Every structure is written in structure tokens, then in C-alpha cells.
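For reference, the structure is listed below as C-alpha cells.
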Amino acid sequence: MTPLEHKISQLDPDRMPVHVAMIMDGNGRWAKSKGFVRSDGHAEGVSTVHRVTKLSSDLGVKYLTLYAFSTENWNRPQEEVDTLMYLIGWAIERELPELLANNVKINLLGDIERIPEDARKRLFFARNETAHCTGLQLNMCLSYSSRWEITEAARKLASLAAEGKLDPADINEQTISDNLSTAGMPDPDLLIRTGGEYRISNYLLWQIAYSELYFTNALWPDFSDEDYVDAILDFQNRERRFGKTSDQVRNNN
Ligand code: IPE
Ligand code: IPE
Ligand code: MG
């Protein structure tokens with residue numbers, strides 16, 4: 001048994017997170033520490049995306065939501081933005097055969113119209129090709145931010161109300177959820193942030209209301225399969241109370 005297999009054998013299959021979200025942070029620092037340029041860190045980060053996707057599939061995680069590019073990341077130097085956009089288009093095309101072989105369905109979350117045409121076409125192609133897949137749902141958050149998403153939802157609901165198609169009194173939490181990019185998906189059970197920062201950076205603010213948060217110092221290119229399983233093991237040792245008392249949770253009432 002390899003060390004990874006040993007760790008996996010410690011997982012409780014009945015308590016696997018259904019939905020895992022990740023903030024993939026630390027590419028730039030990884031590159032800098034090795035004397036490389038920041039973009040080399042992003043290129044290396046693609047292999048981690050490959051690995052966590054495969055492991056999520058193998059472990060039976062149903063939804064994997066990855067923060068790949070935020071609304072705020074548009075403010076980075078143009079050269080870095082260009083490289084990231086190129087890498088995203090290149091990576092999705094290269095990964096497509098294996099995603100299909102593993103029955104992985106790609107969803108795109110965010111203001112995708114802002115993505116340059118070349119990368120956008122490849123992303124749409126991958127989404128169409130995998131539309132029938134029934135295994136892992138891989139949500140790629142691109143040009144995404146939670147405040148953007150919530151603002152969009154508010155605008156949609158206000159338009160419906162203005163057209164007389166929606167009574168404001170009927171708006172409830174479900175209505176809001178149904179108008180976010182994650183409509184129809186369960187909220188993340190576990191949110192992992194790599195790179196040692198303790199913040200959320202405008203990610204899934206609505207959806208993580210009751211998610212378990214896990215922060216690791218591992219920089220994204222270094223985030224190993226063992227690190228991922230460690231995060232799930234940590235998650236499985238927590239008690240999710242959703243506002244109730246510990247006794248209530250244990251007695252299931
Ligand atoms: C995360 O790594 C990738 C993106 C935000 C696109 P960073 O590029 O933020 O790496 P650090 O935080 O500067 O090390
Ligand atoms: C968050 O990382 C966004 C992504 C991982 C895509 P950042 O590196 O952009 O976050 P901040 O700026 O340090 O909060
Ligand atoms: Mg960062």
C-alpha cells in the first residue's frame with residue numbers, strides 16, 4: 001500500500017463531502033521561490049488541477065468547484081492576464097479526452113463573455129462535449145466573483161418583478177439560490193484554500209454559509225493528493241451543527 005492509498009483507506013466512505021470548493025492560491029509565490037516568473041507557477045498549477053480533478057472523481061466527490069480567475073484578477077498586469085487566458089484555453093483542450101474518459105462534466109461559472117474569444121471558444125467546446133457526462137461536475141470559476149454573481153441575481157429578479165412575472169413577496173432563499181451560477185447544486189461541504197492566506201477573496205459568499213473551511217500553507221503547485229486527503233480527513237472529524245446543539249446533532253433531532 002502506498003502512503004496515499006493508506007490515507008485513502010482511512011476515509012469514511014459514508015461521510016465524503018458531496019461538494020468541494022477550492023481557492024487555488026500560491027502559484028506566483030511558488031514560482032518566485034524557485035527563481036521562475038509568475039506564469040511558470042500558473043503552468044505548474046495546471047498539473048495540480050489535473051490531479052485534484054482525478055482524485056475527486058476517484059473518491060466519488062460529486063461537485064468540484066475551482067476558483068481559477070476572479071473578477072479582481074483582471075487588474076493584474078496585462079502580460080500575466082494574457083498568459084493565464086492562454087493557459088486556460090490550452091489546458092481545457094488538452095484535458096478534454098481524459099475528462100470525457102472519466103465522465104466529468106464541465107460547468108463554467110462567471111462572466112465568461114469577458115474571457116478572450118480564443119479561450120472562450122475552447123471552454124464552450126469542452127462544456128458542450130461533456131454536457132452528457134454524469135460523473136464529477138467540475139465547476140470552473142472564471143472571471144467570477146461572488147458579489148458579481150449576487151448582483152446579477154438581483155438584477156434578474158428585479159427585471160422579473162418589473163415585468164410583473166414575480167411577486168417580490170415570493171422571493172425567498174431558494175429563489176436567490178436558483179438565480180446564482182450554482183443553481184441546482186448543493187452548497188459546498190468543504191472549502192479548501194491553499195497558499196496560506198486566511199480570506200475568502202469574494203468567493204461563493206452565499207453558498208459557503210455553512211461550509212467547513214480548511215486552510216493550508218501548501219502553495220497550489222505543491223498541493224499534493226495526500227494534502228487533499230488530509231483536508232477530507234479533517235472535514236470528517238468535524239461536527240456540523242447548523243445552529244443546533246451537539247446533543248441534538250448526536251441524537252439526530
Ligand atoms: C493563484 O495564484 C492563481 C490565480 C489567482 C489566478 P496567485 O497568482 O494568486 O499566486 P500568489 O498568491 O501570488 O502566490
Ligand atoms: C483568489 O486568489 C482568486 C483565485 C484563486 C482565482 P488571489 O490571489 O487573487 O486572492 P487575493 O488577491 O490574495 O485575495
Ligand atoms: Mg494569490
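In listed order, ligands and their atoms are each counted from 1. By convention here, the first residue in the shown sequence is residue 1. Quick caveat, the model's predicted, so the values are computed rather than measured.
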Among all protein non-hydrogen atoms, which one is nearest to [atom], and what is the separation to 0.1 Å?
atom	value
atom 1 (C) of ligand 1	Met24 O, 2.9 Å
atom 9 (O) of ligand 2	Asn73 ND2, 2.9 Å
atom 10 (O) of ligand 1	Gly28 N, 2.9 Å
atom 13 (O) of ligand 2	Arg199 NH2, 2.7 Å
atom 14 (O) of ligand 2	Ser201 OG, 2.6 Å
atom 7 (P) of ligand 1	Asp25 OD1, 3.6 Å

Residues [X] and [Y] bridged, charged N to O under 4.0 Å:
X	Y	value
Glu152	Arg155	yes
Glu239	Lys244	no
Arg238	Glu212	yes

Just to check, does [X] reach to within less than 4.0 Å of ligand 1 when the distance is taken from its heavy atoms?
X	value
Ala68	yes
His42	yes
Arg38	yes
Gly26	yes

Problem set entry | Donor-acceptor contact below 3.5 Å, side chain Glu5 vs main chain Thr2 |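 Yes, Glu5 side chain to Thr2 backbone: donor-acceptor pair under 3.5 Å.
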Counting heavy atoms only, which part of [X] comes closer than 4.0 Å to ligand 1: side chain, backbone, both or neither?
X	answer
Arg76	side chain
Leu219	neither
Glu197	neither

Exercise. With a cut-off of 2.8 Å, which protein N/O/S atoms are close to the Mg ion (ligand 3), if we only count those under it?
Worked result: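 As for protein N, O or S atoms lying under 2.8 Å from the Mg ion (ligand 3), they are Asp25 OD1.
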Exercise. Side chain to side chain donor-acceptor pair (under 3.5 Å) between Ser70 and Asn202: does it pass, once the steps are laid out?
Worked result: CA-CA 8 Å; Ser70 72; Asn202 214 349; over 6 Å; no
Exercise. Hey, which atoms in ligand 1 end up nearer than 4.0 Å to a heavy atom of Arg29?
Worked result: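 Ligand 1 atoms under the 4.0 Å threshold to Arg29: 11 (P), 12 (O), 14 (O).
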Exercise. Going through the distances and angles, do Glu80 and Ser39 end up as a side chain to side chain donor-acceptor pair (under 3.5 Å)?
Worked result: CA-CA 6 Å; Glu80 182 170 342; Ser39 295; 5.9 Å; no
Problem set entry | Spacing of CG belonging to Asn27 relative to CG belonging to Leu87, to within rounding of 0.5 Å |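 Atom-to-atom, Asn27:CG and Leu87:CG are 9.5 Å apart.
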Exercise. Atom CG in Leu84, atom CG in Leu142: separation rounded to 0.5 Å?
Worked result: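 Those atoms lie 10.0 Å apart.
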For this session: Answer yes or no: does an N/O atom from Trp30 fall short of 3.5 Å to an N/O atom of ligand 1?
Result: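 Between Trp30 and ligand 1, no N or O pair is found under 3.5 Å apart.
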Exercise. Between Tyr67 and ligand 2, is there a nitrogen or oxygen pair with a distance under 3.5 Å?
Worked result: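 There is no such contact.
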Exercise. Using a heavy-atom cut-off of under 4.0 Å, does the side chain or the backbone of Tyr203 touch ligand 2, or both, or neither?
Worked result: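 It is neither part, as no heavy atom is under 4.0 Å.
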For this session: Taking the side chain as every heavy atom from C-beta outward, state whether Val61 and Tyr228 have any atom pair closer than 4.5 Å.
Result: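 Side chain of Val61 against side chain of Tyr228, heavy atoms only: contact under 4.5 Å found.
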Exercise. Going by heavy atoms in the side chains, are Leu66 and Met24 under 4.5 Å from each other?
Worked result: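 A side-chain contact under 4.5 Å exists here.
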Problem set entry | Contact atoms of ligand 2, heavy-atom distance to Phe69 under 4.0 Å |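 Numbered from 1, ligand 2 contributes 6 (C).
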Exercise. Out of Asp187, Thr65, Asp189, which residue meets the side chain to side chain donor-acceptor pair (under 3.5 Å) rule with His19?
Worked result: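 Only one of Asp187, Thr65, Asp189 forms a side chain to side chain donor-acceptor pair (under 3.5 Å) with His19, namely Thr65.
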For this session: Please report the closest heavy-atom contact between Leu64 and Val52, naming both atoms and the distance.
Result: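 Residues Leu64 and Val52, closest heavy atoms: CD2-O, 4.0 Å.
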Exercise. Where do Gly195 and Leu219 come nearest, in terms of heavy atoms and distance?
Worked result: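 Distance-wise, the nearest heavy atoms are CA-CD2, 4.0 Å.
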For this session: Would you kindly say whether Arg193 and Ser201 are connected by a side-chain donor-acceptor distance under 3.5 Å?
Result: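 Yes, Ser201 and Arg193 have a side-chain donor paired with an acceptor closer than 3.5 Å.
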For this session: Step by step, work out the side chain to side chain donor-acceptor pair (under 3.5 Å) result for Arg250 and Ser246.
Result: CA-CA 6 Å; Arg250 281 177 210 177; Ser246 191; 3.1 Å; yes
Exercise. Met22 near ligand 2, heavy-atom distance under 4.0 Å?
Worked result: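 Met22 does not count as a contact of ligand 2 under the 4.0 Å cut-off.
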